[in-house]
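To keep things clear, I will list the structure first and then write my remarks on it.
All values reported here derive from a predicted model rather than from experimental measurement.
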Amino acid sequence: MTQNNTDSNSRRKRAKGTVQTKTLGPVEDLEPHVRSDWWQTLFNSLYLKTDADLLDDMDVTKKEADLVVSILGLEPEDAVLDLCCGQGRHVLELARRGFSNVEGYDRSQYLIRKARTRSQKENLQVRFREGDARKLPYPSDTFSVVTILGNSFGYFDSTCRTEKCLKRFSEY
């Protein structure tokens with residue numbers, strides 16, 4: 001009887017104060033153990049902390065923007081949509097360079113808020129919208145260019161769905 005009370009009390013303490021983690025140990029293939037919607041909860045403040053060495057490096061962002069502008073032959077009046085824009089680093093960099101019709105679109109409410117805050121602090125006129133890239137709210141031919149930068153590929157559960165989305169993105 002005493003054992004049961006002790007176990008019960010221990011469980012209550014664990015439930016209140018700590019997070020129980022499930023470990024699998026070494027596995028041959030991790031993918032079957034990952035939820036198909038893993039990306040819905042990943043992009044938060046922890047994401048920026050763990051990936052900030054790249055995601056908030058201004059030099060890297062400037063070099064990437066140089067490449068995008070050069071390769072695509074972008075002009076400041078071009079309408080640019082950056083899908084899965086995260087905290088908006090490329091959109092903000094283009095706006096700093098005088099691009100006046102740039103927009104960022106991302107699923108993460110946290111990252112979109114971060115992008116808007118940065119835009120306001122720098123007094124940049126940039127639009128950021130939150131939403132699912134698979135269901136874009138824009139009519140066809142809205143943008144001169146649609147970019148998908150960073151590491152935004154592989155979020156779909158099949159190559160076929162990825163291809164279908166890429167074809168649809170080209171309509172915008």
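- Residues Val126 and Ala95 share a closest heavy-atom pair of CG2-CB, 3.4 Å.
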Verdict with supporting geometry, Leu83 and Leu136, side chain to side chain contact (heavy atoms under 4.5 Å, CB included): CA-CA 10 Å; Leu83 277 180; Leu136 295 176; 3.5 Å; yes

Show every donor-acceptor pair shorter than 3.5 Å between a side-chain atom in residues 68-80 and any protein atom, with sequence neighbours excluded, or say none if there are none.
unit_1: Asp78; atom_1: OD2; unit_2: Glu75; atom_2: N; d: 2.8

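- Taking 4.5 Å as the limit, some side-chain heavy atom of Leu149 sits within range of a side-chain heavy atom of Asp82.
- One finds the OG atom of Ser100 at 11.0 Å from the CG atom of Leu94 (value rounded to the nearest 0.5 Å).
- Listed by first and then second residue, the side-chain hydrogen bond (donor to acceptor under 3.5 Å, both in side chains) pairs that reach into residues 90-99 are Glu64-His90, Asp66-Arg97, Glu93-Arg96, Glu93-Arg97, Arg96-Glu122, sequence neighbours excluded.
- Heavy-atom minimum distance, Val60 versus Arg89: CG1-NH1, 4.3 Å.
- Here the straight-line distance linking atom OG of Ser108 with atom CD of Glu130 works out to 7.5 Å at 0.5 Å rounding.
- With hydrogens and angles ignored, the 3.5 Å screen pairs a side-chain donor or acceptor of Thr117 with a backbone N or O of Arg113.
- Phe128 pairs by the ring pair (Phe, Tyr, Trp, His ring centres under 6.0 Å) definition with nothing, not counting sequence neighbours.
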Candidate pair Asn123 and Lys121, rule side chain to side chain contact (heavy atoms under 4.5 Å, CB included), full reasoning: CA-CA 6 Å; Asn123 200 28; Lys121 282 182 182 177; over 6 Å; no

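- Rounding to the nearest 0.5 angstrom, the gap separating the SG atom in Cys84 from the CG atom in Leu111 is 11.0 Å.
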Side chain to side chain contact (heavy atoms under 4.5 Å, CB included) assessment of Cys85 paired with Ile112: CA-CA 8 Å; Cys85 69; Ile112 288 294; 3.9 Å; yes

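- Closest heavy-atom contact between Lys135 and Tyr105: O-OH, 3.8 Å.
- No side-chain heavy atom of Tyr110 sits less than 4.5 Å from a side-chain heavy atom of Gln87.
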